[in-house]
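Every number for a ligand or one of its atoms is a count from 1 in the order of the listing.
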Amino acid sequence: AAKAEGSSVAVLPTASKPLASSTLTILFGSQTGNAKGVATKLAAQAKAQGLTVDLKSMGEFKPKSIKNVSHLLIVASTNGEGEAPDDAVALHEFLSSKKAPSLKHLHYSVLALGDTSYEYFCQTGKDFDEYLNKLGAIQILPRVDCDVDYEESASEWSETIIEQTKGMLGNSQAAEIINLPTAGATSLYSKQQPFTAELGLSQKITGRESSKDVRHIEIDLLDSGITYQPGDALGVWFENESLLVNELLSVLGICDDEVVHVNKETVTIKEALTSQLEITQTNINFIEFWANKSQAAALLSLAKDKNSLRQYASTHQVIDVVSSAPANVTAQELADSLRKITPRLYSIASSQLEVEDEVHLTVGVVEYENNNKIRTGGASGFLANRLEEGAQVKVFVEHNDNFRLPENNDTPIIMIGPGTGIAPFRAFLQEREAQNAVGDNWLFFGDQTYTQDFLYQVEWQGYVKSGLLTRIDLAFSRDQTEKIYVQDRLKEHGKSVFEWLERGAYLYICGDMNRMAKDVEQVLLGIIETEGGMSSSQAQDYLKVLRSAKRYQKDVY
Ligand code: 2AM
């Protein structure tokens with residue numbers, strides 16, 4: 001759909017000469033690092049073409065200095081609910097405010113990253129495009145909106161946009177990249193060139209009677225030389241379950257050795273469904289496709305409303321859709337209708353100061369029931385159920401500069417991480433312990449029940465005893481009749497929370513984005529109002545200041 005929009009090349013508005021500056025400014029707004037990755041590659045390509053490039057995170061760019069930019073490329077990702085990523089918030093707000101200057105001299109283009117399973121698909125990129133346009137800036141190339149499998153569209157856009165800007169800026173003699181982030185050792189391995197690691201340990205850490213299956217997973221990075229920081233994520237490639245692939249082929253009456261073209265390769269449909277195509281997640285495009293193919297009344301009526309489509313897509317796998325509505329498709333049609341498989345990102349639960357060449361994850365196994373059959377998540381099922389200890393798994397580190405411990409290790413931190421949101425805080429605490437950090441550490445953890453779901457209980461108890469954990473507050477939601485959540489504990493201790501903030505504490509939230517992180521933020525604003533004696537808009541500003549000082553960081557999904 002929207003993705004194809006930008007593939008056609010626009011007519012270049014060459015009328016006015018840009019300002020004297022001959023620098024191409026590239027700004028990225030990135031939550032998990034995808035936008036940063038695209039922007040970094042784009043900068044390197046532009047430099048190779050002789051352009052002078054200034055590459056920056058939006059968080060490091062002074063919004064007002066946009067007046068001095070003549071050529072701007074924006075690569076922006078979007079958070080689930082259409083919000084700008086943390087490092088993009090300030091610029092996003094500035095450009096939509098009354099303070100924004102006229103930008104008639106500015107030439108720009110936007111690459112938007114997003115996920116069609118969300119209602120506000122690519123919203124941040126769309127916003128930037130709209131704001132710049134309203135301020136009079138001239139679009140060099142139409143915006144391109146990318147879905148989760150963004151690589152191909154992103155490189156097409158990058159190539160075209162560099163060609164276009166080269167014509168406008170010309171080659172500069174002293175071509176030089178300013179501010180290009182230096183690549184660490186991990187850049188040897190990437191999403192496209194992952195490292196083949198080994199599964200060391202996979203252990204269920206929820207109790208037998210828990211309604212959840214959460215695994216502690218240890219992966220051995222062997223002699224890869226891969227390094228990571230607390231706050232980073234691990235990308236994990238996976239294969240689909242062969243039982244599921246067989247079931248799908250049999251329902252569709254497709255032979256497993258039929259040949260298809262996928263990713264410019266020729267493979268059997270069985271191979272494609274196993275390792276190249278997404279079958280444990282659907283999206284609205286697939287359901288619309290299947291509604292048309294099958295002409296099934298239920299799907300056709302769903303397809304009339306995007307929200308019900310999205311809701312349905314998020315709880316049904318490909319097998320659920322095709323078995324509920326029979327249709328004839330060829331192997332190639334099926335392959336073309338499915339998304340390319342993408343690795344899943346897990347927040348890393350260990351510090352290398354403690355575990356050296358290992359990386360630990362806290363993986364919640366995704367499971368739900370449709371038509372009396374249990375369906376399991378692609379990557380979580382792979383890690384938890386199909387990988388034997390010692391087996392190979394392809395991984396890479398995704399750096400996340402938006403979730404970092406304070407530079408000074410005497411700075412106090414407050415960590416809010418219910419459920420698997422606990423993962424990065426295990427890494428934080430391991431790191432602070434290894435550094436003998438003197439800063440206070442306060443952990444809020446919550447889950448369903450104390451006896452079944454208290455993840456890493458023994459470790460926290462050890463840290464309380466040793467004094468590393470200054471405070472721990474727990475919220476077990478189902479141990480009593482009324483629900484108690486982490487934000488209730490936060491509120492109970494509002495006075496102390498505000499005191500910690502006033503003495504410079506950093507506050508972190510990790511876990512569920514749609515409900516938990518929002519509710520916690522509301523409670524936090526309430527605490528700032530009450531304890532700080534502020535109006536609601538002053539409290540908003542207080543939090544904004546924290547955010548831009550990197551003292552309020554979120555890793556939510
Ligand atoms: P519940 O499932 O009993 O409602 C980790 O998943 C914990 O987060 C569980 O205890 C879960 O409680 C809880 N939880 C659910 N919704 C939440 C919300 N809006 N805010 C905070 N925690 C929530």
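The closest protein non-hydrogen atom to atom 8 (O) of ligand 1 is Pro418 CB, 4.3 Å. When hydrogens are left out, the protein atom nearest atom 7 (C) of ligand 1 is Asp447 CA, 3.7 Å; that is the closest non-hydrogen contact. Looking at atom 10 (O) of ligand 1, its nearest protein heavy atom turns out to be Ser477 OG, 2.6 Å. The protein atom (non-hydrogen) at minimum distance from atom 19 (N) of ligand 1 is Asp519 OD2, 2.8 Å. Regarding atom 14 (N) of ligand 1, its nearest protein heavy-atom neighbour is Tyr485 CE2, 3.3 Å.
Listed by number with element, the atoms of ligand 1 under 4.0 angstrom from any heavy atom of Gln448 are 2 (O), 9 (C), 10 (O).
The closest non-hydrogen atom to atom 20 (N) of ligand 1, taken over Lys483, Arg515, Arg478, Gln487, comes from Gln487.
Both cation-pi conditions hold for Arg426 and Tyr456: the charged atom is under 6.0 angstrom from the six-membered ring centre and inside a 45 degree cone around its axis.
The ring of Tyr228 has its center no closer than 6.0 angstrom to the ring center of His399. Between Phe444 and Phe425, the ring centre distance reaches or exceeds 6.0 Å. Between Phe396 and Tyr189, the ring center distance fails the sub-6.0 Å criterion.
Judged purely by distance below 3.5 Å, without hydrogens or angles, the side chains of Asp127 and Gln123 pair a donor atom with an acceptor atom.
Not a single donor-acceptor pair under 3.5 Å links the side chain of Asp87 to the backbone N or O of Gly29.
Residue contacts with ligand 1 include Lys212, since one or more of its heavy atoms lies under 4.0 Å from the ligand.
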